[in-house]
Each structure stands twice: as structure tokens, then as C-alpha cells.
Amino acid sequence: MPPEVLRTLTGYDPDIEKNRIEARQIMQKLGYGPDKQLALKVSTRDLPGYRDAAVILIDQLKQIYIDAELEMIDTSRYFPKIIRKEFTVGLNLQTSAPEAVELFYGCGGSLNWDGYCNPKVDELLQQQSMEADEGRRKEILWTLERLLAEDAARPIVFYDRAGTCWRPYVKNVTLLVNSIFNGNRREDWWLDK
């Protein structure tokens, strides 16, 4: 989303203190405050990237009267536990490319572990997947993004930067601007060497 549109979403205003004040007001309306914090666990895989992100999330939650405890789970137990929905807050690292959105947010999507389902989201997912015009597709995706933010559907905690490198003699590599995963059709690559 363009920055001027993104800042209109709840929690995305660049004024962090304003966002925290609004979040504290919501928590106070729900009966929480500095003397009565909401206790919960943040479950994540016991790997550095996951653990580090969870620690940052927990620190941010403390700013709005949520006293979160870190629950680190061995990778072999993590996905079964998530699939059984044995968590309150689960932190997972994943891509958010347009082609993957249906897997994460579509009703019955194979990676929609929290069971989020909104028929309007499914409708927009269909529209964007059939849209040939790139500008119109962006507009549909921005509408979809706004709806997901309003529903607080699997909120994005942070975005990581990643890239793909290759050598000039590796041919037929398609690099995409919105994901490091989506153009990874290695069966089409060849070496000019």
C-alpha cells in the first residue's frame, strides 16, 4: 500500500505514541490497565528468528497492558500444536506475497491455521487472481489488505527484507518484485557455462 493509504489503517499511523494511546484506550474499555494487565502466552518455534521476533512482540504488548510470556516450542511439536489450535497468540514467520494470500487467509486455506474465514475476502482473492491489469490488481489487493487489517486477521508484526542473488551464467531466472519465493521455478534454469 502507498504510505498515505497505509497510515489510515488502525495501528499503521507512523505516530507510534498515538497508536499506543489508542491501543491503551481500547484495553481500558475492556477493563485492563497498568494495575490489571491481560496475561497470555506468545507461542513460537524455538529458533532464533522466531524467538527474536516474539521477544520484540512481547515488549510491544507490554506497552498496551498485555503481560505476555514467551512459550518456545520445539519445531517437531510446533506445527501439530498450531494445527490443533493449542495457542492463544502464535508467532510464525511466513511470506505475504499476493499469490500466497489465499493459502493464509482464504476460507479453508491449507495454511489458514487460525481458521479465519470471511466470504468477502474469498471474493476479493478470486477477483485479484483473475485480474490482468496490474493497476486494478493492486487496488483489489489494497482493498483486501484493508479488510484483513480491519478484521485483525493474522496481523503482520514486521516485514523482513530478503533478496535473491544469482550469477550471470545462470539463465532463465525470473526475479519477482513482491516475493523471493514465487518465481523459484528451478526446473527452468540452465547454465551457460
Side-chain angles (χ1 to χ4, degrees), residues 1 6 9-12 16 19-20 23-24 26-27 30 32 37-118 121-122 125 128-129 141 144-166 173 175-187:
M1 272 188 181
L6 185 63
L9 300 180
T10 302
Y12 284 87
I16 294 170
N19 294 338
R20 286 184 181 155
R24 286 185 203 114
I26 291 168
M27 292 298 289
L30 296 170
Y32 297 98
Q37 298 199 9
L38 175 62
L40 57 81
K41 286 185 180 182
V42 173
S43 304
T44 195
R45 292 169 74 181
D46 191 9
L47 296 170
Y50 291 75
R51 187 176 52 244
D52 295 350
V55 167
I56 292 168
L57 173 62
I58 288 168
D59 177 65
Q60 295 300 304
L61 292 173
K62 287 181 193 256
Q63 306 294 320
I64 60 167
Y65 312 133
I66 299 175
D67 183 23
E69 174 188 344
L70 177 60
E71 178 187 27
M72 295 182 296
I73 305 167
D74 181 79
T75 297
S76 64
R77 293 180 37 243
Y78 178 75
F79 291 107
K81 184 175 178 114
I82 295 300
I83 290 168
R84 289 190 306 265
K85 297 176 181 37
E86 295 173 357
F87 64 95
T88 303
V89 174
L91 186 133
N92 192 35
L93 306 181
Q94 63 195 41
T95 182
S96 61
E99 286 73 16
V101 173
E102 189 169 349
L103 298 173
F104 299 123
Y105 300 103
C107 296
S110 63
L111 297 175
N112 185 348
W113 298 318
D114 51 1
Y116 172 78
C117 184
N118 182 331
V121 167
D122 282 356
L125 287 167
Q128 69 87 27
S129 72
L141 285 165
L144 179 63
E145 207 170 354
R146 175 176 294 284
L147 182 57
L148 293 170
E150 288 168 355
D151 284 354
R154 201 183 281 189
I156 306 293
V157 178
F158 72 95
Y159 290 95
D160 197 8
R161 298 210 180 262
T164 303
C165 300
W166 82 105
V173 177
L175 297 180
L176 302 177
V177 296
N178 62 354
S179 173
I180 63 169
F181 304 104
N182 288 345
N184 231 351
R185 307 264 326 203
R186 293 184 182 155
E187 66 269 17

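- Arg24 contributes a side-chain N or O that, together with a main-chain N or O of Gln63, makes up a donor-acceptor pair within less than 3.5 Å.
- Annotation for Ala149 and Leu9: closest pair CB-CD1, 4.0 Å, computed over non-hydrogen atoms.
- In this structure, Lys85 contributes its side chain and Trp113 its backbone to a donor-acceptor pair below 3.5 Å.
- The shortest non-hydrogen separation linking Gln37 to Tyr32 is C-CD2, 3.7 Å.
- Residue Val42 comes nearest to Ala68 through the heavy atom pair CG2-CB, 3.9 Å, listed as atom of the first residue, atom of the second, then distance.
- Interatomic distance, CG of Leu61 versus CD1 of Ile66, reported as 5.0 Å (0.5 Å rounding).
- A heavy-atom distance below 4.5 Å is found between the side chains of Leu147 and Asn118.
- For Ala153, the side chain to side chain contact (heavy atoms under 4.5 Å, CB included) criterion is met by Tyr105, Tyr116, Leu148, Asp151, not counting sequence neighbours.
- Considering only heavy atoms from C-beta on, Leu141 stays 4.5 Å or farther from Glu145 through its side chain.
- Taking each heavy atom of Asp114 and Arg154 in turn, the nearest pair found is OD1-NH2, 3.7 Å.
- Taking 4.5 Å as the limit, some side-chain heavy atom of Phe79 sits within range of a side-chain heavy atom of Arg45.
- The one candidate from Ile73, Val55, Leu70, Leu57 that meets the side chain to side chain contact (heavy atoms under 4.5 Å, CB included) condition with Thr44 is Leu70.
- Listed here is the closest heavy atom pair of Ala53 and Leu93: CB-CD2, 4.4 Å.
- Atoms CD and CD, from Gln128 and Glu102 in turn, are 8.0 Å apart once rounded to the nearest 0.5 Å.
- Taking CG of Leu47 as the start and OH of Tyr78 as the end, the distance is 10.0 Å to the nearest 0.5 Å.
- The number of heavy-atom neighbours closer than 6.0 Å to NZ of Lys41, taken from other residues, nucleotides and ligands shown, is 12 or below.
- The environment of Leu38 atom CG is dense: over 12 non-hydrogen atoms of other residues, nucleotides or ligands sit within 6.0 angstrom.
- In this structure, the salt bridge (charged side-chain N to carboxylate O under 4.0 Å, His left out) partners of Arg51, at least two apart in sequence or on a different chain, are Asp46.
- Residue Leu125 comes nearest to Gly106 through the heavy atom pair CD1-CA, 3.8 Å, listed as atom of the first residue, atom of the second, then distance.
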